[in-house]
Amino acid sequence: MQYFLDRIRIAVAEATRTPPDQIRVEQPRDASKGDFAVPCFVLAKAANANPAQFAAELATKLAGDLIEMEVAVAGPFLNFRVERGELAKRTIESILDAGLSFGSSEEGRTKRIVIDMSSPNIAKPMSVGHLRSTVIGAAVKRLHKFLGFETFGINHIGDWGSQFGKLVAAVRRWGGGVDLENDPIKALLDLYVRYHEEEGKDPSLDEEARAAFRELESGVDGEVRAIWRRLTELSLAEFEKIYARLGVEFDLVRGEAYYETHLDATVQRIVDAGITEESQGALIVDLESIKKGMPPCLLRKTDGTTLYATRDLAAVFERWELHHFERCLYVVGMDQRLHFQQLKAVLKRLELFWEPRVVHVDFGMLRLPEGKMSTRKGRVVFLDDVLDRAVQEARRIIVEKNPGLADLDRVAEQVGVGAVVFNDLKRERVKDIEFVWEEVLSFEGETGPYVQYTHARLSSILRKAKESGEGAVPPDWGAVGDAASVLLSLGRFPQVVRSAAEHAEPSEVTQYLLGLCRETNSWYASTRVLGEAPPATAARLALVAAIQTVLATGLGLLGLAAPAEM
Ligand code: ARG
């Protein structure tokens, strides 16, 4: 694909004496127009000519040069249609040569991307929101890595705030009655719920909680801090189980508490910049000048305690010092839009040149059939249970379709977890998604299992060919001439990856894969691969291998396994 784009660009550049980088080569949406197109408006304008006339003259000049394609004029456009055998050979060979690195590049080298992802709160079950952050963040990270960027994933754990005073008080009072060691998340949830039930009846509870949080904030390393530390460790160990199932790792797991010791310096830096004000005893940064109506950023409350925003400021300063990032992406739900706008507004008021590099990668809500969660009321959905159920369902479907499958457990886990992940990445991230069990796991709809299944079918064709020894002769590329739409899609993969990374939008990859599977399946439905004239079979097998490679790479970038059989 790149080959043809370059050929056209250079030929047009030479014929018009324009620098090649100024020539736009597009892919028409309507494939019947051609494989590639060059709009001539700008070029004609520079030559002081009528665009249509200009296009017609240019076409005659190009005809002798671009022998592997037809050039047609359509008004102010030049359309190019590559000879089918040539399209097949170039596209397939470039994929098979590169293998799983087809689409990767070095373009991001020396550029660092920091990704704040997952970031759940301890002592609570991980929410579906944090699941989305984990899955989207990890995909964005892999996409950048694939393009050569240095990536740094940070799990910014919520381990600070007055709620921890409440938990410490609850552990002290009722900790003996719950099983913290063996079922920590459930135990902590029970304590949390109990606290909120009893809070109203017993005012001493609130006092104890406040005192506990004050002690935590003071930095004293006593009983309170020991309880808090234990809760943190227990929670992290639970989260780790989910990360392991999702295959997600972090370069740094750091609780907000870490920034406690940075807060004075952080606040001082902002005070020194002369942008703070006292307001009713609190320290604030006014943000009206950045955007009318934006509420001020509260740095320190009247009682001297600091806030989520202050800790995020401390964190972003440190991230900049350490990484000099090209971009610092915060993969956090839309409900925190204001928070990140304010964070950026403070950076703007500080006139930091890198402020535009700080980006809130926001996303919509995932609605589970169980309805809205409420930690306080103890009404929560455990993600582990969601994954377990998905795996169970996947297993049931697989047993039905392929009763003899070896390795059933492993494949069921890959398909079940993959289904949940894919569903999360399927739509533009800002859209809310409805989680409907039948849809998520269907082997035929727009799902992870559908893409995995297509991949497995192609793998099985290749296995059979290997057994029968087919495909070992030079291919007749003309025999895949009818697969132009598949070929053009395959060739587009590198661009899709680049665009998805730039927009931090994994759905560009999911949608691409779904399209490729649809095209592949309709080609396959009307074409025989095995048992044809050997050179034709060889070409079709090569195409099958190329598609299988791109599907495997794409699935991998999204965080799904690509089982060879299912
Ligand atoms: N723990 C926070 C929450 O659950 C999300 C943290 C996101 N990252 C950040 N740097 N603010 O709401």
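Each ligand, and each atom within it, is numbered from 1 in the order the structure gives. All heavy atoms count here, side chains included; hydrogens, waters and symmetry mates do not.
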Is Lys186 salt-bridged to Asp190, going by a charged N under 4.0 Å from an acidic O?
-> yes
Using distance alone, determine whether Gln336 and ligand 1 share an N or O pair under 3.5 Å.
-> yes
For residues 417-426, the salt bridge (charged side-chain N to carboxylate O under 4.0 Å, His left out) pairs (sequence neighbours left out) are Arg132-Asp424
Distance filter under 4.0 Å to His130 heavy atoms, resulting ligand 1 atoms = 3 (C), 4 (O)
Report, in ascending order of atom number, the atoms of ligand 1 lying under 4.0 Å from any heavy atom of Asp116.
-> 7 (C), 8 (N), 9 (C), 10 (N)
From atom 7 (C) of ligand 1, work out which of Tyr308, Phe340, Tyr330, Trp160 has a heavy atom at the shortest distance.
-> Tyr308
With Arg112 as partner, the option from His323, Glu326, His144, His324 fulfilling side chain to side chain donor-acceptor pair (under 3.5 Å) is His323
Decide whether an N or O pair under 3.5 Å exists between Asn121 and ligand 1.
-> yes
Where does the angle between the aromatic ring planes of Tyr258 and His262 fall among parallel (under 30°), tilted (30 to 60°) and perpendicular (over 60°)?
-> tilted
For the pair His339 and Tyr308, name the ring-plane relationship: parallel under 30°, tilted 30 to 60°, perpendicular over 60°.
-> parallel
Which ligand 1 atoms does Asp312 reach within 4.0 Å, using its non-hydrogen atoms?
-> 9 (C), 10 (N), 11 (N)
